[in-house]
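A quick write-up on the structure given underneath.
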Amino acid sequence: SQARSKGRGVRWFLVPLGILTGVGAVSYARDERAVVGPWHVHVISSLPLRAVSRLFGSFNSLTLPESLRKPGYHLYAWIFGCNLEEMEDPDLTHYPNLGEFFYRSLKPGARPMDDTSELVSPADGKVLHFGVVTHGQVEQVKGVTYELQALLGGSSNVPQPTGKEDNGDHDQQMAQSSHSANITSEEEFARINGIDYSLDRLIGEEEGHASAYGPRPGNQMYFCVIYLAPGDYHRFHSPVNWIVQTRRHFSGDLFSVSPWMAGLLKDLFVLNERVALLGRWKHGMFSMVPVGATNVGSIVIRFDKDLRTNIKQAYRHGQCTEVRYDQASWLSKGVVVPKGDEMGGFKLG
Amino acid sequence: STVVLIFEAPEQGFTFTLEPGQKVQVGQSLGH
């Protein structure tokens, strides 16, 4: 009106130009995330999943009135099939909120280790898929693959550690706490379990090895994916005797990782927030990757108190921060983790 | 939530002791 009163024409052409610019910017951002799937996957991907996850976590950390705890947790257990008899603390009123109940611990002896097996399950759940990694490709579900290097990261896409979580103080603390006390036991552990800890870096990290994570002659790479349903025990344990040398935290989306979604969304495990723990076992390279989801965006690693996942912070797809546990022990250059030891877990939100 | 294991093992002699879709618990054998 002001422009018209002054005799100037309204520049209407700027309106569609502005809209087109906005659409272009959104498309660029979406392309960078590389969400590939049917239309309903794109609809889900447009939701603020990380914010929803954090809100869900905050809501479930509110303290419940004691009178509501028993019926509330019984209802949750009935809906999701939790086994309440194996809980370490069976008194439901002792769990102040659903978050605590979700992260419940089990009675000693509730999960016996199979001592005859080299590789045991790290978690309660359902085996989604397992097999051999061929040509650096891992099968998410039958016929849907993703790149191993994209899942675990490589030397080329891991920047120098940045931010609060990777300030190195933790490494220093670990070095101080475990430097001298465990030398004999670590040496013994590596000797008994056939781990060659003298190889201080992971396969493929040496210069000139573009295709990282290649097996040594006579070996091949295997994978196994275990899905934890909402009612399952949500802590994970060490599946083998190994030495964890590196942790890589990949910020990302928090899509559901249900079998339904795994069948729909290509690169689901590469898109989602995850923590890749890399190290060595008796046959060479070993890695364990807890992948977050909308309801469980918080991944906890017991020996890494500085790790913070699903934090309110802008990120670029594929962004990764790395911590090396070199200083945890000068001998093994990593954290010694025996088979069956609790390593961490998933928390709500 | 999901846990993905990626590891190196002998080409000859390593076998999974699993069925697709099988329910597992912590400590249960996955392979020999």
Side-chain angles (χ1 to χ4, degrees), chain A residues 106 111-114 116-131 133 138 148 151-152 203 213 215-216 218-228 233-237 239-240 257 262 269 272 274 281 283-293 295-296 299 340 346, chain B:
Chain A
L106 301 184
R111 293 288 180 273
M113 287 295 125
D114 186 338
T116 64
S117 183
E118 279 188 339
L119 175 71
V120 297
S121 178
D124 283 10
K126 182 179 175 183
V127 177
L128 273 192
H129 205 28
F130 61 90
V133 178
V138 188
L148 179 59
L151 177 77
L152 301 180
I203 291 172
Y213 313 114
R216 291 180 296 185
N219 283 359
Q220 60 187 3
M221 303 296 286
Y222 296 86
F223 72 93
C224 182
V225 184
I226 298 165
Y227 166 69
L228 290 75
Y233 167 60
H234 261 73
R235 298 184 186 213
F236 46 78
H237 295 240
V240 291
V257 289
F269 301 133
N272 267 20
R274 63 199 180 279
W281 74 316
H283 298 301
M285 180 263 188
F286 194 92
S287 68
M288 179 167 161
V289 189
V291 183
N295 61 334
V296 282
I299 299 168
F346 297 96
Chain B
S1 39
T2 300
V3 177
V4 182
L5 303 177
I6 308 270
F7 55 94
E8 189 180 350
E11 197 172 344
Q12 302 291 326
F14 180 82
T15 48
F16 283 104
T17 49
L18 290 170
E19 297 290 330
Q22 184 183 327
K23 294 277 278 180
V24 288
Q25 288 193 326
V26 171
Q28 194 176 327
S29 174
L30 294 183
H32 293 277

| said: Which atoms of A:Leu151 are under 4.5 Å from chain B, going by heavy atoms: the side chain, the backbone, both sets, or neither? | reply: side chain
| query | What about the rings of A:Phe236 and A:Phe346, do their centers lie closer together than 6.0 Å? | reply | yes
| field | Side chain / backbone / both / neither for A:Pro122 at chain B, heavy atoms under 4.5 Å | value | both
| query | Can you tell which of A:Pro290, A:Pro112, A:Ala123 has the highest number of heavy-atom pairs within less than 4.5 Å of chain B? | reply | A:Ala123
| Taking atom CD of B:Glu8 and atom CZ of A:Arg216, what is their separation to the nearest 0.5 Å? | 5.0 Å
| message | Just so I understand: if I count every heavy-atom pair under 4.5 Å between each of A:Gln220, A:Lys126, A:Met288, A:Arg235 and chain B, which residue has the most? | response | A:Gln220
| task | Below 4.5 Å from any heavy atom of chain B, which atoms of A:His129 appear? Answer side chain, backbone, both or neither. | result | neither
| said: Nearest 0.5 angstrom please: B:Ser29 OG to A:Met113 CE, how far? | reply: 11.5 Å
| For the student: nearest non-hydrogen atoms of A:Gly292 and A:Ile299, plus distance | N-CD1, 3.7 Å
| query | In terms of heavy-atom pairs under 4.5 Å with chain B, which of A:Val257, A:Ile226, A:Val138, A:Val296 leads? | reply | A:Ile226
| message | So for A:Val225, is it side chain, backbone, both, or neither that comes closer than 4.5 Å to the heavy atoms of chain B? | response | both
| field | Non-hydrogen atoms of A:Asn219 and B:Pro10 that approach each other most closely | value | OD1-CA, 3.3 Å
| Looking at A:Gly340, A:Gly125, A:Gly218, A:Ala293, which has the largest count of heavy-atom pairs under 4.5 Å with chain B? | A:Gly125
| message | Regarding B:Ser1 and A:His234, do their side chains bring together a donor and an acceptor under 3.5 Å, going by distance alone? | response | yes
| Do A:Tyr222 and A:Phe130 have ring centres separated by under 6.0 Å? | no
| query | Is it the backbone or the side chain of A:Val240 that comes under 4.5 Å from a heavy atom of chain B, or both, or neither? | reply | neither
